[in-house]
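Here the structure comes first, spelled out in structure tokens, and everything after it is commentary.
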Amino acid sequence: MSFIDIYNNNVKRKKEEISRLKKERLKYVGIVSDSGSKILRAKQQANSTKSQATLKSKLNEITREEKKKVMQKKRLMNMTKKSQQKKKS
């Protein structure tokens with residue numbers, strides 16, 4: 001194989017990796033967005049209820065979704081870093 005072939009294969013592989021990382025990133029963006037809407041919905045339901053059991057359940061749901069949202073944001077940051085590193089090299 002010539003150097004041009006090796007270079008072209010490396011470029012192709014890097015582009016495929018970047019494409020894969022972008023797809024994964026979109027998945028995490030969707031999860032963050034979904035968690036945000038679940039949090040808003042649970043807050044509205046918690047404000048409109050009078051039952052202590054329902055209120056406790058909604059507060060637990062809000063806490064769980066906020067943790068999930070934070071974890072997904074961390075993954076997004078890592079995905080962004082990886083993508084930038086792949087573009088540089």
Output the rest of the hydrophobic cluster of [X]: all Ile, Leu, Val, Met, Phe, Trp and Tyr residues reachable through side-chain heavy-atom contacts under 4.5 Å, sorted by chain and number.
X   : value
V70 : none
M77 : none
I18 : none
I4  : none

Residues forming a side chain to side chain contact (heavy atoms under 4.5 Å, CB included) with [X], sequence neighbours excluded:
X   : value
Q45 : R41, K58
R20 : E24
T49 : S51, T54, L55
T80 : R25, Q84

> Given side chains that start at C-beta, do those of Q72 and L76 come closer than 4.5 Å, heavy atoms only?
Replying inline: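 A side-chain contact under 4.5 Å is absent here.
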> Would a 4.5 Å heavy-atom cut-off, applied to side chains only, mark E61 and R64 as touching?
Replying inline: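 Touching, per the 4.5 Å side-chain cut-off.
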Under 3.5 Å, sequence neighbours excluded: what are the donor-acceptor pairs made by side chains of residues 31-38?
residue: S35; atom: OG; partner: I31; partner atom: O; Å: 3.2
residue: S35; atom: OG; partner: E65; partner atom: OE1; Å: 3.1
residue: S37; atom: OG; partner: D34; partner atom: O; Å: 2.8

>> Just verifying a value: how many Å separate K81 NZ and L21 CG, rounded to the nearest 0.5 Å?
In response: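 Going from the NZ atom of K81 to the CG atom of L21 covers 14.0 Å.
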> Can you tell me how far the NZ atom of K23 sits from the CE atom of M79, to the nearest 0.5 Å?
Replying inline: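 Atom-to-atom, K23:NZ and M79:CE are 12.0 Å apart.
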> With distance as the sole test, does T63 use its side chain to make a donor-acceptor pair with the main-chain N or O of L59 at under 3.5 Å?
Replying inline: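 Yes: the side chain of T63 pairs with the backbone of L59.
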>> I'd like to check the salt bridge (Lys or Arg N to Asp or Glu O under 4.0 Å) partners of R13; sequence neighbours left out, ordered by chain and number.
In response: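 Applying salt bridge (Lys or Arg N to Asp or Glu O under 4.0 Å) to R13 gives E17.
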